[in-house]
Amino acid sequence: TTRTPTFLGLDKSADFFPESDAMSDVIIGVLDTGVWPESKSFDDSGLGPVPASWRGQCESGTNFSSANCNRKLIGARYFSRGYETTLGPIDESKESKSPRDDDGHGTHTSTTAGGSVVQGASLFGYAPGTARGMATRARVAVYKVCWVGGCFSSDILAAMDKAIDDNVNVLSLSLGGGISDYYRDSVAIGAFAAMEKGILVSCSAGNAGPSPYSLSNVAPWITTVGAGTLDRDFPAYVSLGNGKNFSGVSLYKGNSLPNKMLPFVYAGNASNMTNGNLCMTGTLIPEKVKGKIVLCDRGINARVQKGSVVKAAGGAGMVLTNTAANGEELVADAHLLPATAVGQKTGDVIRDYLTSDSNPTATILFEGTKVGIEPSPVVAAFSSRGPNSITPEILKPDIIAPGVNILAGWTGAVGPTGLEEDDRRVGFNIISGTSMSCPHVSGLAALLKGAHPEWSPAAIRSALMTTAYTAYKNGRAIQDVSTGKPSTPFDHGAGHVDPVSALNPGLIYDITADDYLNFLCALNYTPSQISSLARRNFTCNESKKFSVTDLNYPSFAVSFPAESAARTGSVPSSSIKYSRTLTNVGPAGTYKVTVTSPSSSVRIMVEPETLSFSQMNEKKLYTVTFTAPSMSSSTTSIFGRIEWSDEKHVVGSPVAISWT
Amino acid sequence: AMEKKKTYIIHMSKSQMPATFNDDHTHWYDSSLRSVSDSAEMLYVYNNVVHGFSARLTPQEAESLETQPGILSVLPELKYQLH
């Protein structure tokens, strides 16, 4: 990626992340649509021999041979039996029955996580710079499990099964399914086995935001990653005939619009279809759009397809407006015609102009790439949100990372829009989604694994979470673009990832496989459900009282019982006790706790208030007792923070308190 | 007409594998599958993530398999999307 390393402080941290051999022994496995091995991001110059720990292979198939692998791309496998059994044999004229990426998504995610340094990268000149993955010296192994017709769980399980045999250290999955309990969710099942083998599994949180309860991949043994923006934008203004200008974004590159105002028409008025405003295939009347700028509304079909529809109908350009679902979040696209994307409010004003002006005109002014944009990061509107619908007491997402307008490697099989009619071919493409933020964290986890080979997956995640930031340098809270207000832990989890701080977190919250099994007991899993998930006979100790609040998670989600409808007399209050164990991974030190309680009605008591550590890996336990009056379930959640500090390290945990 | 087959993930309890299989769990899986269907094909045998396998079954065969000894669960395959 370009810009992200700077944004994350990685460019200044070369000495922090020792380019030691340990770093280049870390292997990132990516389950996705495969890989385009010719991408410059898989250049292996300067890399030593493949790590001795590697057990994987470079499988051959359509348009792919084992010669396509090297010391950077050390493994490539594909899994299609589940896909083919359900949808029929792969049509090899349409997709490669091999690890080859015909889509682009897999090349983008794998190069984001572990791509080599590539000078002079850009997309048509946009987002120019030196592209590099998060862990430039890590090795990459790809497992193709996603095909044109989707990603099937029997294939995903087979890939995870093989990745464990192959000895990867990190698994990156930018995919998700519907919300189902952990023992029914193949990603959760596979991730449990990987976690037991010391493999950190990083997954995308989903793009169903900003609705609450919209997360995917919420198992506590998975690192769940939401998306935030960078400090980079691609402005393309809409200039109207009434002299007004409006901000938009675009990645269009091609013949400019004529240097004059053009007639401007609303798609809804240039169609015989009721949903003509959406610029779907075959809905625009060419006579009404020819040579004009067309205003289209987002929704239903892909954004880039709208541009293609306008172009096919003879339109000169397109202004694409957000709807309430995306609000003011602007995602840039490499449209096939001069086009720009504007926010919902702007769209409303422009629509008014189109209906009120008798001779509406417009043009689009492209400004290229701008950096230093503030505020940044903001939580992306599409980033899925908590609370965790499966276990409300486990706060998710865990963290956010860059996921909007991310440049990374691309396939040579399709153009940047992925549309059939797009015959352009690019080495890098700019796309958005939690699919992009997940591999950022996968790569950063690989960096930490290289620096601390002895750390468990939970320790690595803890370091990333407790050092994440929730405020800008000016002290203001990170914003949520969908509300324009400060985001909450249900939006950003522990905050935005800060890899340089994560390298030396001071203390970590570690979690073992047995801790997770006790967690399943607390969920009242049956022995059969536990056995399905953990592949062992594990009986919950009848004499022990299990609680989900005992899972040593680096964040807190507290669910108080909502008050019963009829309440008489004084307001009852209830208390919930959490216990946590901190492990020292830094120098000796004494840590003092600071509690930020969200409101006077909620009491957060931490005991003890001081923890002293004299040696590495020393463990200390503390308890937190939350006390709050019972409130109605409609009470909005409130948020606090628990921080331990020895003046050199801050070990921060978000607290989300709800009444359910 | 043959009921439409679907793919299922079958979780087995290895500790209940009959001694006659001499620890050859793949053979045990296969014989469990054969007990409900002559034609069912095994897609994958898993070793690390699941003790079990995936197979193509009719809903009726899936239901019948679930009652076999040593079977923990027979879960329908799920489809996932890229994010």
Side-chain angles (χ1 to χ4, degrees), chain A residues 32-33 79 81-82 85-86 103 105-106 109 145-146 149-158 160-165 173-178 180 183-187 189-194 196-197 203-207 216-217 384 433-436 438 528-529 531-533 535-537, chain B residues 2-19 23 25-26 28-30 32-33 37 39-59 61-63 65-83:
Chain A
D32 210 299
T33 61
F79 301 83
R81 285 184 222 160
T85 305
T86 300
D103 174 277
H105 191 277
T109 55
V145 295
C146 292
C151 326
F152 288 73
S153 60
S154 61
D155 294 328
I156 291 169
L157 280 173
M160 295 179 93
D161 208 66
K162 208 69 196 148
I164 291 169
D165 280 335
L173 287 87
S174 288
L175 51 88
S180 59
Y183 73 94
R184 309 182 72 87
D185 176 349
S186 294
V187 169
I189 290 168
F192 194 98
E196 286 183 303
K197 297 289 175 64
C203 292
S204 46
N207 302 336
S216 297
N217 300 318
S384 290
T434 50
S435 273
M436 286 63 248
C438 164
S528 158
Q529 288 166 342
S531 194
S532 284
L533 193 58
R535 288 147 289 103
R536 70 181 85 163
N537 277 342
Chain B
M2 177 78 119
E3 268 187 284
K4 189 155 172 46
K5 290 198 169 197
K6 288 198 298 186
T7 300
Y8 293 85
I9 315 289
I10 295 96
H11 296 258
M12 308 287 279
S13 171
K14 262 186 174 174
S15 59
Q16 294 181 46
M17 176 162 53
D23 258 358
H25 59 264
T26 305
W28 177 43
Y29 296 169
D30 193 58
S32 302
L33 190 56
S37 164
S39 63
E41 55 171 306
M42 206 179 265
L43 294 186
Y44 296 104
V45 172
Y46 304 109
N47 294 303
N48 298 308
V49 294
V50 168
H51 284 165
F53 58 99
S54 47
R56 198 86 177 138
L57 298 166
T58 66
E61 288 167 341
E63 209 172 299
L65 184 59
E66 196 136 35
T67 62
Q68 300 289 316
I71 306 278
L72 289 168
S73 60
V74 178
L75 297 176
E77 176 171 58
L78 299 173
K79 192 172 155 186
Y80 289 74
Q81 285 80 35
L82 293 165
H83 284 152

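Keep in mind it's a predicted model, so treat the numbers as computed, not measured. A note on names: the letters A, B, ... follow the listed sequences, proteins ahead of strands, and every chain is numbered from 1.
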| field | Residue A:Thr109 versus chain B: region with a heavy atom under 4.5 Å | value | neither
| said: Measuring from atom CG of B:Leu82 to atom CG of A:Asn207, what distance do you get when rounded to the nearest 0.5 angstrom? | reply: 10.0 Å
| field | Which portion of A:Ser384 sits near chain B, non-hydrogen atoms under 4.5 angstrom | value | neither
| Proximity breakdown for A:Val187 and chain B, heavy-atom pairs closer than 4.5 Å | both
| field | Nearest non-hydrogen partners of B:Val49 and A:Leu157, listed with the distance | value | CG2-O, 3.5 Å
| request: Could you pull out all residues at least two apart from A:Phe192 that satisfy ring-ring contact (aromatic ring centres under 6.0 Å, His included)? | output: A:Trp221
| query | Of the non-hydrogen atoms in A:Ser186 and B:Tyr80, which two are nearest, and what is the gap between them? | reply | N-OH, 3.0 Å
| Atom CD1 in B:Ile71, atom OG in A:Ser532: separation rounded to 0.5 Å? | 10.5 Å
| note | Residues at least two apart in sequence or cross-chain that pass ring-ring contact (aromatic ring centres under 6.0 Å, His included) with A:Tyr183, listed by chain then number, are A:Tyr525
| query | What are the two closest heavy atoms between B:Ile9 and A:Ser153, and how far apart are they? | reply | CD1-OG, 4.3 Å
| remark: chain B shares the most heavy-atom pairs under 4.5 Å, among A:Asp103, A:Asp32, A:Asp165, A:Val145, with A:Asp165
| Selection from A:Ser216, A:Ser528, A:Ser180 maximising heavy-atom pairs under 4.5 Å formed with chain B | A:Ser528
| query | For the residue pair A:Arg184 and B:Pro76, what are the closest heavy atoms and their distance? | reply | NH2-CD, 4.3 Å
| request: Determine the minimum heavy-atom distance between B:His51 and A:Arg535, stating which atoms define it. | output: CE1-O, 3.2 Å
| Which bit of B:Lys14 is near chain A, if near means a heavy-atom gap under 4.5 Å: side chain, backbone, both or neither? | neither
| Any donor and acceptor pair, going by atom type alone, linking the side chain of B:Tyr44 with main-chain N or O of A:Arg81 inside 3.5 Å? | yes
| request: Measure distances from A:Ile156 to the heavy atoms of chain B and classify the residue's part below 4.5 Å as side chain, backbone, both or neither. | output: side chain
| query | Can you tell which of A:Gly178, A:Ser174, A:Gly149 has the highest number of heavy-atom pairs within less than 4.5 Å of chain B? | reply | A:Ser174
| message | Let me confirm one number: the OG-CE distance from A:Ser154 to B:Met42, rounded to the nearest 0.5 Å. | response | 13.0 Å
| field | Nearest heavy-atom neighbours spanning A:Thr85 and B:Leu43 | value | OG1-CD2, 3.1 Å
| Just wondering, are more than 12 heavy atoms of other shown residues or ligands nearer than 6.0 Å to CD in B:Glu63? | no
| When B:His11, B:His83, B:Met12 are compared by non-hydrogen pairs under 4.5 Å with chain A, the top option | B:His83
| remark: Ranked by heavy-atom pairs below 4.5 Å to chain B, first place among A:Gly150, A:Ala158, A:Gly433 goes to A:Ala158
| said: Using side-chain heavy atoms (C-beta onward) and a distance below 4.5 Å, is A:Thr86 in contact with B:Arg56? | reply: yes
| If you count heavy-atom pairs under 4.5 Å with chain B, which of A:Ala194, A:Cys151, A:Gly82, A:Ala205 comes out on top? | A:Cys151
| message | Counting heavy-atom pairs under 4.5 Å with chain B, which one of A:Ser435, A:Ala193, A:Cys438 comes out on top? | response | A:Ser435
| said: Taking side chain as everything from C-beta outward and backbone as N, CA, C, O, which of these in B:Leu78 sits under 4.5 Å from a heavy atom of chain A? Side chain, backbone, both or neither. | reply: both
